[in-house]
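Just so we're on the same page: letters track the sequence lines, and every chain starts at 1.
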There are 2 protein chains.
Amino acid sequence: MEKERGQFIETWGSLGVLWGINRSMARIHAFIMLCEDPVDLETVCRRLRISRGNASMSLKELRSWGVIHRVHMSGERRDFYVAEPDNWKMIFKIAAQRKEREFDPALQALQDLLGRADLDSSSGVRARLGELERTMTTFDRLARKFLGNEQASRIVVDMLKKFKV
Amino acid sequence: MEKERGQFIETWGSLGVLWGINRSMARIHAFIMLCEDPVDLETVCRRLRISRGNASMSLKELRSWGVIHRVHMSGERRDFYVAEPDNWKMIFKIAAQRKEREFDPALQALQDLLGRADLDSSSGVRARLGELERTMTTFDRLARKFLGNEQASRIVVDMLKKFKV
DNA sequence: TTGATTGTTCAGAAAGGACTGAATGATCAT
DNA sequence: ATGATCATTCAGTCCTTTCTGAACAATCAA
């Protein structure tokens with residue numbers, strides 16, 4: 001493994017912890033990003049020195065984030081994987097996933113709480129929570145507008161123009 | 001502690017884990033959000049049943065995120081805390097902090113790596129990393145444009161209009 | 001100075017997540 | 001059907017993070 005490839009993989013792995021994904025997932029993602037050709041599970045295990053179990057789970061998870069894709073090679077029984085080639089799509093997919101996993105449950109929980117009939121509706125607490133719910137709902141609509149868009153890179157170009165970044 | 005207050009605190013606490021902040025911090029944040037008057041460390045410990053050490057650290061951390069503020073009450077030696085009252089400001093502050101803690105180090109590491117003279121510059125790896133660096137830099141500029149703005153709620157209103165959300 | 005009050009730090013205990021490797025499942029060729 | 005190949009699952013182990021509580025620091029009143 002050449003030097004820069006290894007350095008990038010370990011760096012990305014350490015950063016993955018900050019990103020809320022674990023080290024293995026981040027290292028595998030980095031490795032696949034840098035491969036010209038599709039890679040199989042066995043290769044991931046051997047090159048990154050991780051167990052088959054871990055690699056299998058991590059690949060599944062990376063796929064659910066939409067940052068890698070499974071491809072079939074003709075004449076091969078094994079599964080092969082490639083990274084999402086469009087960087088903008090990748091960033092948007094990560095953002096969309098994180099919103100879905102982190103923000104949406106919070107909004108949902110808040111709405112459930114406010115929807116209950118059994119709560120003391122005279123309380124100032126309820127007013128404060130209602131206010132928070134409204135703000136979060138608006139944020140949600142705004143986020144959907146951007147993240148739901150398939151043409152990730154085009155929308156960015158639009159924004160760059162509109163806001164003169 | 002009335003029912004809805006308690007439920008909200010525990011819900012927010014569980015969600016905090018998803019958000020990458022820990023349960024104590026999230027519970028304390030929820031508690032302070034729902035208090036009409038400034039609260040002191042002792043009250044936090046007693047009402048939420050957590051240790052002084054934990055409360056002290058968590059309050060410090062919440063303050064560094066900018067989602068609570070320290071206030072001084074006349075004639076009181078103790079420190080008191082209030083939540084950021086503007087929900088939009090709160091959301092923007094969280095987003096800005098997370099970008100700073102999670103995205104910026106990744107971009108920095110990538111730039112450091114590419115800046116090193118000792119790397120094999122003929123490699124396709126370098127080209128792929130360069131491409132990624134350009135995309136992330138653009139994203140960075142775009143994010144700064146929004147998150148750096150003090151008038152969080154106004155910018156949201158602008159966007160709602162422009163994008164007809 | 002002494003004691004009272006309040007805030008911070010940190011070593012160790014407790015809790016929570018990640019990783020391994022063996023067992024199991026699935027699919028294919030013969 | 002059998003063996004070969006590859007993927008997945010999960011119980012147990014290992015490692016990291018969080019939390020506690022006691023020690024320490026800082027500040028004030030008397």
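- Under the side-chain contact (heavy atoms from CB on, under 4.5 Å) test applied with A/W65, the options A/K93, A/R98, A/M90 reduce to a single match, A/R98.
- Checked by atom type and distance alone, the side chain of A/Q97 pairs as donor or acceptor with a backbone atom of A/S64 at under 3.5 Å.
- Using a 4.0 Å cut-off, some side-chain N or O of A/K60 falls inside it from OP1 or OP2 of D/dT9.
- Taking Ile, Leu, Val, Met, Phe, Trp and Tyr as members and joining any whose side-chain heavy atoms lie under 4.5 Å apart, directly or through other members, A/V17 forms no hydrophobic cluster with any other residue.
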How would you summarise protein contacts on nucleotides 13-30 of chain D per nucleotide, using B for base, S for sugar-phosphate only and - for none, with heavy-atom distances below 4.0 Å? -----SSBB-----BS--

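- Residues satisfying the side chain to side chain contact (heavy atoms under 4.5 Å, CB included) criterion with B/K99, sequence neighbours excluded, are B/F103, B/D104, B/D140, B/A143, B/R144, B/L147.
- Summary of helix geometry: the two end axes of the helix from C/dT1-D/dA30 to C/dT30-D/dA1, each defined by five base pairs via their C1' atoms, are inclined to each other by 10° (rounded to 10°).
- Sequence neighbours left out, the pairs with a member in residues 48-66 of chain B that pass salt bridge (charged side-chain N to carboxylate O under 4.0 Å, His left out) are B/E42-B/R52, B/E61-B/R101.
- Between the side chains of A/E10 and A/S14, no donor-acceptor pair of N or O atoms lies under 3.5 Å.
- Between A/S58 and A/S24, the shortest heavy-atom contact is OG-CB, 3.9 Å.
- Put simply, chain A comes within 4.0 Å of DNA chain C, heavy atom to any atom, from C/dA18 to C/dC28, going 5' to 3'.
- In this structure, B/D40 reaches neither bases nor backbone, as no heavy-atom distance under 4.0 Å exists between it and the strands shown.
- A side-chain donor-acceptor contact under 3.5 Å links A/T43 and A/D40.
- By the 4.5 Å heavy-atom criterion applied to side chains, A/R116 and B/Q7 are counted as neighbours.
- Between A/F80 and A/R70, every side-chain heavy-atom pair lies at or beyond the 4.5 Å cut-off.
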